[in-house]
Amino acid sequence: MDQRDLSDRQLEAVLERLDRVVEELQRFNRRQEQREELTVIAHELRNLNESLQALAYAALGQQGPQVRRRRTG
């Protein structure tokens, strides 16, 4: 028997490991997709917040309150 030949038992073990790798990659991909979706949501919320602030200042008239914004890195 050649050393390259795998027994049924060895082949089954390799296939099980591959199945676990596939499952882990699928979990990783799902988490990555969720992160990407959250990034889009955060961007939209930031835009909405800025729009609402602009509307609030417009409703107050020309002299809006003096507010200092924290700088985000």
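By convention here, the first residue in the shown sequence is residue 1. Treat the numbers as computed from the prediction; the structure is a model and nothing was measured. Side chains are part of it too, since the values below use all heavy atoms of this structure and drop only hydrogens, waters and symmetry mates.
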NZ/NE/NH1/NH2 to OD/OE distance under 4.0 Å, Glu24 and Arg17: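 Result for this pair is no, no salt bridge flagged.
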Which residue in the set Gln10, Arg9, Glu16 passes side chain to side chain contact (heavy atoms under 4.5 Å, CB included) when paired with Glu12?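 Exactly one option meets the side chain to side chain contact (heavy atoms under 4.5 Å, CB included) with Glu12, and it is Glu16.
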When rounded to the nearest 0.5 angstrom, what distance separates [atom1] in [X] from [atom2] in [Y]?
X     : Y     : atom1 : atom2 : answer
Arg31 : Glu33 : CZ    : CD    : 12.0 Å
Leu15 : Leu11 : CG    : CG    : 4.5 Å
Gln53 : Leu48 : CD    : CG    : 10.0 Å

Side chains of Gln26 and Val22 in contact at under 4.5 Å (non-hydrogen atoms):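 Touching, per the 4.5 Å side-chain cut-off.
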With a cut-off of 6.0 Å (strictly less than), are more than 12 heavy atoms of other residues, nucleotides or ligands near CG of Asp8?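 No, because the 6.0 Å sphere around CG of Asp8 holds 12 heavy atoms or fewer from other groups.
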